[in-house]
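Take a look at the structure below.
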Amino acid sequence: AKRDGKNGFQYFDSITRKEVEVANTIRRDLRVALENGQFFLCYQPLVDIKTGKVASMEALLRWQHPKKGLISPIHFIPIAEETRQIISIGEWMLRTACRQMKEWLNMGYSGFSVSVNVSVHQLQQPDFAKVVLDILNEIDLEPRFLELEITETVLIEAMDTVARNLYRLKEVGVKIIIDDFGTENSSFKYIQKFMVDGLKIDRSFVSNIKVEVNKAIVDAIIFLGHRMKLGVTAEGVETKEQLDYLVESGCDKVQGYYFSKPLPPDEAIRMVQKECNY
Ligand code: C2E
Ligand code: CA
Ligand code: CA
Ligand code: CA
């Protein structure tokens, strides 16, 4: 490679070095982030197209780093998965989201559930279902108010443990949604085997819905999803055009900046009407 500071290699090198540095900082600081209370959750509504009401609130993890400021989960979740810290962070997430849901119910809000993203590493823990059930018990939250978002890889890896966990949770009424549907080795075989409750179409198809092939993919997912009696959600809806297409295609729920960005709980809840039955 050339040594000239202006050549591509040099440039590439410095970017990678910077990235490695950032990753190392994240790896080091992540160890104390949980105990030092640096995580918090934002919530983004999923809107039911038929009723126009909030059907659920997706909890999304945020890390307030003392020096680097807000760090996106796309930068630290892969590292937390690699170091297995996702297991304790994930448990904290579940407990915090369930507590928030309980608080909303106590405040008189209802008609929606809370959705929590669950990593494959969590589902591979033999005691995962028990952890979830204990949290629900401890908080006194009915399981039907909890929805778990898992990715398709979860269904392919470590099938036995994952299956046992999912069956135990489904049995009591926790709902299971396949996130980012269409991006992995989408197989309706697994969807059927695990009797999931819904599919969430990945943002990449929604963002590029102007491109014909994406329309075809979206239509196919909605058609097959409905034939299998699954609810179909589309994520990453930003424009009226995207929304119109999804409504016309019979999509059940929509989520995205068009409705709301992920917000702190007090702001997120403003999209939900209080039940006026008191
Ligand atoms: P995801 O589950 O697919 O979440 C959707 C992501 O898209 C969120 O990014 C959200 O802020 C963003 N988003 C929502 N609507 C729009 C839109 O209209 N336009 C655009 N451009 N983006 C939109 P976020 O919060 O940065 O999360 C990124 C990913 O990190 C999530 O993707 C999820 O895979 C993961 N993640 C977040 N929180 C958790 C968690 O608590 N546990 C685990 N295991 N993963 C999490
Ligand atoms: Ca998700
Ligand atoms: Ca998603
Ligand atoms: Ca996605």
Side-chain angles (χ1 to χ4, degrees), residues 26 30 33-34 38-47 54-64 69-100 113-125 128 131-132 135 146-154 175-184 186 196-209 218 221 232-243 246 251 253-265 267-268 271:
I26 289 177
L30 202 53
L34 187 58
Q38 292 165 7
F39 291 126
F40 65 98
L41 298 182
C42 278
Y43 295 84
Q44 188 181 32
L46 275 74
V47 178
V54 172
S56 79
M57 289 281 198
E58 180 177 5
L60 293 155
L61 190 57
R62 298 290 178 263
W63 180 13
Q64 186 68 50
L70 210 55
I71 303 181
S72 159
I74 53 173
H75 292 118
F76 67 85
I77 287 191
I79 295 174
E81 290 189 322
E82 178 195 305
T83 61
R84 308 237 136 212
Q85 287 170 92
I86 194 67
I87 295 163
S88 48
I89 297 171
E91 189 177 333
W92 175 87
M93 278 270 318
L94 274 160
R95 182 171 288 109
T96 308
C98 288
R99 270 204 197 117
Q100 183 61 63
S113 52
V114 75
S115 299
V116 177
N117 293 287
V118 174
S119 152
V120 61
H121 299 282
Q122 290 173 270
L123 273 152
Q124 283 171 346
Q125 300 297 300
F128 177 73
V131 168
V132 176
I135 288 173
L146 177 64
E147 215 166 70
L148 302 180
E149 294 194 5
I150 65 178
T151 57
E152 295 160 273
T153 37
V154 165
K175 281 164 279 172
I176 312 291
I177 307 297
I178 306 294
D179 202 359
D180 300 337
F181 192 79
T183 55
E184 309 276 343
S186 304
V196 302
D197 302 282
L199 305 174
K200 205 188 235 190
I201 304 173
D202 190 65
R203 175 156 64 89
S204 56
F205 305 113
V206 177
S207 316
N208 300 308
I209 211 147
V218 166
I221 295 174
V232 181
T233 302
E235 69 176 4
V237 179
E238 294 181 355
T239 68
K240 180 81 167 56
E241 287 75 19
Q242 291 164 353
L243 176 64
L246 292 160
C251 192
K253 287 177 238 171
V254 275
Q255 180 185 32
Y257 295 170
Y258 184 76
F259 301 94
S260 170
K261 293 203 166 181
L263 295 169
E267 291 170 50
M271 280 197 63

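In listed order, ligands and their atoms are each counted from 1. Small disclaimer: the values here were computed from a predicted structure and weren't measured.
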Tell me whether ligand 1 is touched by [X] - counting only heavy atoms on the residue side and a distance under 4.0 Å.
{"X": "Gly90", "result": "no"}
{"X": "Gln255", "result": "no"}
{"X": "Glu58", "result": "yes"}

Which ligand 1 atoms are under 4.0 Å away from a heavy-atom of [X]?
{"X": "Pro262", "answer": "11 (O)"}
{"X": "Pro73", "answer": "24 (P), 25 (O), 26 (O), 27 (O), 28 (C), 30 (O), 37 (C)"}
{"X": "Asp180", "answer": "3 (O)"}
{"X": "Met93", "answer": "40 (C), 41 (O)"}
{"X": "Ser72", "answer": "26 (O)"}
{"X": "Gly256", "answer": "15 (N), 18 (O)"}
{"X": "Glu238", "answer": "17 (C), 18 (O), 19 (N), 20 (C), 21 (N)"}
{"X": "Glu235", "answer": "3 (O)"}

How many angstroms lie between [atom1] in [X] and [atom2] in [Y], if you round to the nearest 0.5 Å?
{"X": "Gln44", "Y": "Met271", "atom1": "CD", "atom2": "CE", "value": "9.5 Å"}
{"X": "Leu246", "Y": "Tyr258", "atom1": "CG", "atom2": "OH", "value": "12.0 Å"}
{"X": "Ile86", "Y": "Met93", "atom1": "CD1", "atom2": "CE", "value": "8.0 Å"}
{"X": "Leu61", "Y": "Ile77", "atom1": "CG", "atom2": "CD1", "value": "5.0 Å"}
{"X": "Leu60", "Y": "Arg62", "atom1": "CG", "atom2": "CZ", "value": "5.5 Å"}
{"X": "Leu263", "Y": "Leu41", "atom1": "CG", "atom2": "CG", "value": "13.0 Å"}

Any N or O of [X] that comes nearer than 3.5 Å to an N or O of ligand 1?
{"X": "Gln44", "result": "yes"}
{"X": "Gln122", "result": "no"}
{"X": "Glu149", "result": "no"}

Query raised in the report: Looking only at non-hydrogen atoms, which of Leu94, Ile77, Val254, Thr151 approaches atom 46 (C) of ligand 1 most closely?
Result: Ile77

**Report entry** Option of least heavy-atom distance to atom 42 (N) of ligand 1 (set: Asn117, Leu61, Asp179, Asp202)
**Finding:** Asn117

Any [X] side-chain heavy atom under 4.5 Å of [Y] side chain:
{"X": "Ile150", "Y": "Ile178", "answer": "yes"}
{"X": "Phe259", "Y": "Leu243", "answer": "yes"}
{"X": "Phe128", "Y": "Leu148", "answer": "yes"}

Requested in this report: For salt bridge (Lys or Arg N to Asp or Glu O under 4.0 Å), just list the numbers for Arg203 and Glu238, CA-CA rounded to whole Å, side-chain angles, deciding distance to a tenth of an Å, and then say yes or no.
Outcome: CA-CA 10 Å; Arg203 175 156 64 89; Glu238 294 181 355; 5.1 Å; no

Query raised in the report: Do any N/O/S atoms of Asn117 come under 3.0 Å of the Ca ion (ligand 2)?
Result: yes

Report task. Name whichever N, O or S atom of Glu58 ends up nearest to the Ca ion (ligand 2). Result -> OE2

Query raised in the report: Parallel, tilted or perpendicular: which fits the ring planes of Phe76 and Trp63, with parallel below 30° and perpendicular above 60°?
Result: perpendicular

Report task. Would you kindly specify which portion of Arg62 sits under 4.0 Å from ligand 1, judged on non-hydrogen atoms: side chain, backbone, both or neither? Result -> side chain

Requested in this report: Report the part of Ile89 (side chain from C-beta onward, or backbone N, CA, C, O) that has a heavy atom under 4.0 Å from ligand 1; answer both or neither where that applies.
Outcome: neither

Query raised in the report: the Ca ion (ligand 3) as vertex, arms to OE1 of Glu235 and OD1 of Asp180: angle to 10°?
Result: 120°

**Report entry** Step-by-step side-chain contact (heavy atoms from CB on, under 4.5 Å) determination, Val132 to Leu146
**Finding:** CA-CA 10 Å; Val132 176; Leu146 177 64; 3.7 Å; yes

Query raised in the report: Looking at Glu58 and Lys200, does any basic side-chain N land under 4.0 Å from a carboxylate oxygen?
Result: yes

Report summary line: Taking the Ca ion (ligand 2) as the apex, Glu149 OE1 and Asp179 OD2 span an angle, rounded to 10°, of 90°

